[in-house]
Undergrad: 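The structure's right below; bear with me while I get my questions together.
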Amino acid sequence: MNIIRITLALLLFSGSLMAQREKPSEEMREKIESMRIAYITEKINLTPEEAQVFWPVYNQYREEFEKIIHRVEPNGKPPHHLSDEELNKMSDKEVREMLTNEMEKQKLLVEHREKYFKKFTEILPIKKVALLYDAEREFQRKLMRQISDRGREKGK
């Protein structure tokens with residue numbers, strides 16, 4: 001039943017997010033994080049004791065993850081956000097630098113996941129760690145789908 005409420009909240013939230021074409025406000029990011037926490041809590045069924053130890057570690061994990069993800073790209077955009085035209089205007093040196101930076105970011109993300117995998121398995125049973133990763137992917141997929149659907153509706 002709570003999953004239905006979270007899904008409804010995502011639907012309502014994604015509409016307000018789509019209304020803003022720029023980056024979401026701090027308030028909007030806080031709403032996303034609140035929904036993420038509710039979704040993960042529901043999916044992995046934490047005991048109160050597990051939750052008390054898990055959430056501070058998870059919050060640190062998310063904070064570090066966000067820093068890695070939002071590293072400033074030399075040209076302002078990650079490679080997958082460039083149009084063919086933008087890419088063709090870049091020199092080979094600029095493209096090499098951009099791709100090297102993207103590979104470095106991916107390496108940092110793998111190191112980050114390994115570091116926190118160890119921490120999570122110290123505080124949660126392994127099956128709950130697996131459920132955590134699934135819940136994160138599901139939440140992100142649902143959020144992106146809702147945003148995309150809202151964008152298509154507005155385009156009609």
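Values reported hereafter were calculated over all heavy atoms of this structure, with side chains retained and with hydrogens, waters and symmetry mates removed. Just so you know, residue 1 is the first one in the sequence shown, and it goes up from there.
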Undergrad: Same cluster or not: are L108 and V110 linked, directly or through other Ile, Leu, Val, Met, Phe, Trp or Tyr residues, by side-chain heavy atoms under 4.5 angstrom apart?
TA: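 No; V110 is not reachable from L108 via cluster members.
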
Undergrad: Can you measure from CH2 (W55) to CD1 (I37) and round to the nearest 0.5 angstrom?
TA: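 That separation rounds to 5.0 Å.
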
Undergrad: Strictly distance-based, threshold 3.5 Å: is any side-chain N or O of E42 a donor or acceptor partner for the main-chain N or O of Y39?
TA: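 It does not hold such a pair.
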
Undergrad: Taking the six-membered ring for Trp and the full ring for Phe, Tyr or His, determine whether the centres of F54 and F120 are under 6.0 Å apart.
TA: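 Aromatic pair counts; centres sit under 6.0 Å.
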
Undergrad: Before accepting this row, confirm whether a basic side-chain N of the pair E26/R29 lies closer than 4.0 Å to the acidic partner's carboxylate O.
TA: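 Looking at E26 and R29, the cut-off is met.
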
Undergrad: Please give me the minimum heavy-atom distance between M98 and L87, naming the atom from each residue.
TA: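 That would be CE-CD1, 4.1 Å.
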
Undergrad: Write down the atom of P56, the atom of A51, and the distance for their closest heavy-atom approach.
TA: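 That would be CD-O, 4.2 Å.
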
Undergrad: With a 3.5 Å distance limit and no angle check, can you tell me whether K43 reaches the backbone of L131 through a side-chain donor-acceptor pair?
TA: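 No: the side chain of K43 does not pair with the backbone of L131.
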
Undergrad: For E136 and Y58, which I'm curious about, is there any donor-acceptor pair between the side chains at under 3.5 Å?
TA: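 Yes, Y58 and E136 have a side-chain donor paired with an acceptor closer than 3.5 Å.
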
Undergrad: Between E114 and K118, is a salt bridge (charged side-chain N to carboxylate O under 4.0 Å, His left out) present by the stated rule, with each step listed?
TA: CA-CA 6 Å; E114 288 173 342; K118 289 176 186 172; over 6 Å; no

Undergrad: Which one of K67, K107, E64 satisfies the side chain to side chain contact (heavy atoms under 4.5 Å, CB included) criterion with H112?
TA: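 Per the side chain to side chain contact (heavy atoms under 4.5 Å, CB included) rule, the option paired with H112 is E64, out of K67, K107, E64.
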
Undergrad: Distance to the ring centre below 6.0 angstrom and angle to the axis at most 45 degrees; does that hold for K142 and F139?
TA: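 No, a cation-pi geometry is absent between K142 and F139.
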
Undergrad: Donor-acceptor pair, distance only, cut-off 3.5 Å: does the side chain of E86 make one with the backbone of S83?
TA: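 Flag set: sc E86 to bb S83 pair under 3.5 Å.
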
Undergrad: How far apart are the C-alpha atoms of F117 and Y133, what are their side-chain angles, what is the distance that settles it, and do they pass the side-chain contact (heavy atoms from CB on, under 4.5 Å) test?
TA: CA-CA 10 Å; F117 173 77; Y133 291 139; 3.6 Å; yes

Undergrad: Is E50 reaching over with its side chain to a backbone N or O of T47, donor-acceptor style, under 3.5 angstrom?
TA: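 Checked: pair present.
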
Undergrad: Is there side-chain contact between I32 and R36, with at least one heavy-atom pair below 4.5 Å?
TA: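 With C-beta onward as the side chain, the pair touches.
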
Undergrad: Hey, does R113 have a side-chain heavy atom less than 4.5 Å from the side chain of Y61?
TA: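 Yes - at least one pair of side-chain heavy atoms lies under 4.5 Å apart.
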
Undergrad: Kindly write out the residues that satisfy side-chain hydrogen bond (donor to acceptor under 3.5 Å, both in side chains) with E85, not counting sequence neighbours, or none if the list is empty.
TA: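 For E85, the residues satisfying side-chain hydrogen bond (donor to acceptor under 3.5 Å, both in side chains) (neighbours in sequence not counted) are K89.
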
Undergrad: Among Q140, Q146, R141, find the residue that satisfies the side chain to side chain contact (heavy atoms under 4.5 Å, CB included) test when tested with M144.
TA: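 Of Q140, Q146, R141, side chain to side chain contact (heavy atoms under 4.5 Å, CB included) with M144 is met by Q140 alone.
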
Undergrad: Do the side chains of E97 and T100 get nearer than 4.5 Å, heavy atoms only?
TA: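 Answer no - side chains too far apart.
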
Undergrad: Tell me, with the steps shown, if L124 and L46 meet side-chain contact (heavy atoms from CB on, under 4.5 Å).
TA: CA-CA 9 Å; L124 294 176; L46 293 172; 3.6 Å; yes

Undergrad: Partners of R137 by salt bridge (charged side-chain N to carboxylate O under 4.0 Å, His left out), sequence neighbours excluded?
TA: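 Only D134 meet the salt bridge (charged side-chain N to carboxylate O under 4.0 Å, His left out) criterion with R137.
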
Undergrad: Are there over 12 heavy-atom neighbours, none belonging to E66, within less than 6.0 Å of that residue's CD?
TA: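 Counting other residues, nucleotides and ligands, CD of E66 exceeds 12 neighbours.
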
Undergrad: For a quick test of reading the model, state the closest non-hydrogen atom pair linking N45 to K128 and the distance between them.
TA: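 That closest heavy-atom pairing would be O-NZ, 2.9 Å.
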
Undergrad: Minimum heavy-atom separation for L132 and I44, please, with both atom names.
TA: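 Scanning both residues completely, I find the closest heavy atoms to be N-CG2, 3.4 Å.
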
Undergrad: Same cluster for M103 and I69 if Ile/Leu/Val/Met/Phe/Trp/Tyr side chains link at under 4.5 Å?
TA: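 Each belongs to a different hydrophobic cluster.
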
Undergrad: Please report the interatomic distance CG(L99) to CD(E104), rounded to the nearest 0.5 Å.
TA: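 The CD atom of E104 is 13.5 Å from CG of L99, to the nearest 0.5 Å.
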
